[in-house]
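Step one of this worksheet: look at the structure below.
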Amino acid sequence: MINEFPRVRFAPSPTGYLHVGGLRTALYNYLFAKHNNGKFILRIEDTDRTRLVEGAVENLIDTLKWSGLDYDEGPLVGGDCGPYIQSERLDIYNQYVKKLIENKKAYYCFCSAERLDKIREEQQLQKLQPKYDKHCLQLSAEEIEQKIKNGESYVIRLNVLPSEKIHINDIIKGDVEFDSSVIDDQVLLKSDGYPTYHLANVVDDHLMKITHVIRGEEWLSSTPKHVLLYDYFGWERPVFAHLPLLLNIDRKKLSKRQSDVAVEDFRDKGFLHEALVNFVALLGWTAGDDVEYYHIDELINKFTLERVNKSGAVFDLEKLTWLNEEHLRKKSTPEIVDMFKKCYEKSTFTNTYSDEYFGMVVDAMRERISFAYEILIKSPFFFETPRNL
RNA sequence: GGCGCGUUCGUCUAGUGGUUUAGGACAUCGCCCUCUCAAGGCGAAGAUCACGGGUUCGAAACCCGUACGCGCUACCA
């Protein structure tokens, strides 16, 4: 148990659907919060206006709800640290960026995309790491004022000091050290006035009193930028925990090209949320005993970040299917009847039957199916009118 | 290319220096049960612990190197 009550967050980008990797991230945050009597917060990171998808936020919330991961604070339910949608917090980011500029921790940059592309190209040609050359750092206050007055578009960049060591102590990955010379002067505020992930994330995590940042491993490389921001603001860093990635059967990052990755795909294929959650919990975590069938309460009870693995895990559909069978069999007959009736209504069968009849069918078939709809496939004879021989 | 992370049966994993002839689960195969198919029970096969060096009386476990994989290297998250 952690001393103070932790506050954690799941911060997805509304780009269409909830990815199973995202579900696992959300789950681990949820389990950690519940295990330690903390709060689980949902925050929508919609700062990339070019990738916005209509209805994605609603879909995300619905899918999370279907999965059984109720959040304590966030869109719709509210909370003391709102708003929980980043596009509604623009003035907040501006305010904090101003402080950074005043303290020379950030600066205006008026460079064009063409110039940026050009220096990047040259650096790559010389096999150097592509980095911004701090060209605009030299600009005087008057020059900056004049350019802004002229309506030139600009971004705000993080002013990274060269050659200092940045240590990160990650609960899962352990001690990781970066040299600041490999860190680019990251754009914090884009020319459209929206913040980048790096700025918005740090400001919000601080303002929302997030104690533990539990997120995917793809963020580990940018964590030094975040740590720098915490230091520049004079804020206490949260505890970091970077989760290993979910992989395809070929050990590449789980992608839509090869398999279903959207939680809603699994839901639509008849997987039970209990099974999906149970399965995804086991992708990178074990209690250390040999238990593999879990109810959500048992997961909450046993989950600790210290027992999360370091290496990526392949998403194995066969094992998920087995867990679905296990969870399906734990359901009562009326519950399976309800599920099955929905499948039956969508089928080509037209006869009507009583719940008692469906109950008999379910009881006859429950040991023989992985999904409720399989009754239709494996035993269609229950629903066909017998013909005289 | 640079930086970072990782590497135990096909897959998910146990393992924190001696109890390990490396344990469990899914999948596979066999047997039992059984009018059938399942479920269930029992069992088999499957990992020279990526590779090479060290440290140690002893290493899957600790250290170094190599290989391979993955991630990041955007005014995307």
Side-chain angles (χ1 to χ4, degrees), chain A residues 11-15 19 22 44-52 86 109-113 116-117 120 123-132 153-157 166 168 170 172-174 176-184 186-201 215-225 242-254 279-293 306-307 309-323 325-326 329 364-370 374 378-379:
Chain A
S13 208
T15 52
H19 187 107
I44 303 297
E45 310 223 327
D46 58 345
T47 57
D48 185 354
R49 284 148 68 243
T50 65
R51 292 210 305 171
L52 284 191
Q86 290 186 329
C109 171
F110 297 88
C111 290
S112 65
L116 261 20
D117 287 345
R120 208 187 336 266
Q123 285 164 334
Q124 274 166 348
L125 223 62
Q126 293 173 61
K127 294 199 189 280
L128 292 170
Q129 191 210 347
K131 261 174 78 177
Y132 182 62
S153 101
Y154 63 87
V155 300
I156 305 297
R157 286 182 182 275
I166 300 165
I168 292 157
D170 190 280
I172 296 165
K173 302 288 181 182
V176 186
E177 191 185 71
F178 294 86
D179 194 292
S180 69
S181 64
V182 303
I183 302 166
D184 199 4
Q186 184 63 230
V187 170
L188 298 177
L189 203 65
K190 299 184 260 189
S191 57
D192 63 1
Y194 280 74
T196 57
Y197 172 91
H198 309 284
L199 201 233
N201 195 263
R215 69 210 330 181
E217 192 181 352
E218 68 269 24
W219 293 111
L220 186 58
S221 300
S222 34
T223 304
K225 292 171 188 171
H242 287 93
L243 271 22
L245 261 20
L246 257 38
L247 275 20
N248 263 318
I249 201 76
D250 62 357
R251 299 219 142 256
K252 296 254 153 51
K253 196 175 170 185
L254 197 61
F279 174 67
V280 130
L282 260 23
L283 251 27
W285 173 87
T286 34
D289 46 26
D290 288 326
V291 180
E292 300 212 87
Y293 174 89
E306 285 75 13
R307 290 203 57 88
N309 279 175
K310 289 171 165 31
S311 54
V314 173
F315 193 95
D316 179 10
L317 204 58
E318 281 179 340
K319 192 148 186 177
L320 205 210
T321 303
W322 168 73
L323 273 171
E325 286 169 24
E326 296 293 308
R329 280 179 202 134
M365 294 303 293
R366 63 187 305 148
E367 301 296 322
R368 282 157 242 261
I369 53 168
S370 305
E374 279 188 332
K378 296 199 169 174
S379 53

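Each chain gets a letter, A, B and so on, in the order the sequences are listed, and its residues count up from 1.
Listed candidates were rA77(B), rA25(B), rG71(B). Nearest to the side chain of Asp48(A) is rA77(B). Distance from the side chain of Thr286(A) is smallest for rU13(B) among the nucleotides rC5(B), rA77(B), rU13(B). Of the listed nucleotides (rU73(B), rC12(B), rC75(B)), rC75(B) has the atom at the smallest distance from the side chain of Val155(A). When distances are taken from the side chain of Asp290(A) to each of rA77(B), rU11(B), rG24(B), the shortest belongs to rG24(B). Set against rG40(B), rA38(B), rC3(B), the side chain of Val182(A) has rC3(B) as its closest nucleotide. Among the nucleotides rC76(B), rA38(B), rC12(B), the one closest to the side chain of Arg51(A) is rC76(B). Distances from the side chain of Ser191(A) to the nucleotides rA77(B), rC26(B), rC75(B) place rC75(B) closest. Relative to the side chain of Asp316(A), the nucleotides rC76(B), rU11(B), rA38(B) differ in distance, and rU11(B) lies closest. Nearest to the side chain of Trp322(A), among rC75(B), rA14(B), rC26(B), sits rC26(B). For Gln129(A), whose side chain is taken as the heavy atoms from C-beta onward, the closest listed nucleotide among rA38(B), rG24(B), rG1(B) is rG1(B).
Comparing Arg157(A) and Glu318(A) by the nucleotide of RNA chain B whose heavy atom lies nearest to each, the residue mapping closer to the 5' end is Glu318(A).
At a threshold of 4.0 angstrom between heavy atoms, the contacts of Thr47(A) are confined to the sugar-phosphate backbone, with no base atom among them. Among the heavy atoms of the strands lying under 4.0 Å from Arg307(A) are primed sugar atoms or P, OP1, OP2 only; no base atom is included. Within 4.0 Å (heavy atoms only), Phe178(A) reaches sugar-phosphate atoms of the nucleic acid but no base atom. Among the atoms of the strands shown, none is found under 4.0 Å from any heavy atom of Gly216(A). Across all strands, Arg366(A) comes closer than 4.0 Å to no nucleic acid atom at all (heavy-atom distances). Across all strands, Asn309(A) comes closer than 4.0 Å only to sugar-phosphate atoms, never to a base (heavy-atom distances). Across all strands, Ser311(A) comes closer than 4.0 Å only to sugar-phosphate atoms, never to a base (heavy-atom distances). Nucleic acid contact class of Glu177(A) (heavy atoms, under 4.0 Å, all strands): sugar-phosphate only.
Under the Watson-Crick or G-U wobble criterion, with both distances below 3.5 Å, rA77(B) has no partner in any strand shown. Applying the Watson-Crick and G-U wobble criteria (two distances, each under 3.5 Å), rA61(B) pairs with nothing in any strand.
Across every non-hydrogen atom of Arg157(A) and Cys109(A), the tightest pair is NE-SG, 3.3 Å.
Atom CG in Leu283(A) sits roughly 13 Å away from atom P in rU11(B) (whole-Å rounding). In this structure, Ile369(A) places its CD1 atom 19 Å from P of rC37(B), rounding to the nearest Å. We find that CD of Gln186(A) is positioned 11 Å from C1' of rC72(B), with the value rounded to whole Å. Distance, Met365(A) CE to rA38(B) P: 11 Å, rounded to whole Å. Arg49(A) has its CZ atom 17 Å from the C1' atom of rA74(B), to the nearest Å.
For the side chain to side chain donor-acceptor pair (under 3.5 Å) criterion with His242(A), the lone passing option out of Arg215(A), Glu218(A), Glu217(A) is Arg215(A).
Ring pair Trp219(A)/His198(A) is perpendicular by interplanar angle, where above 60° counts as perpendicular and below 30° as parallel.
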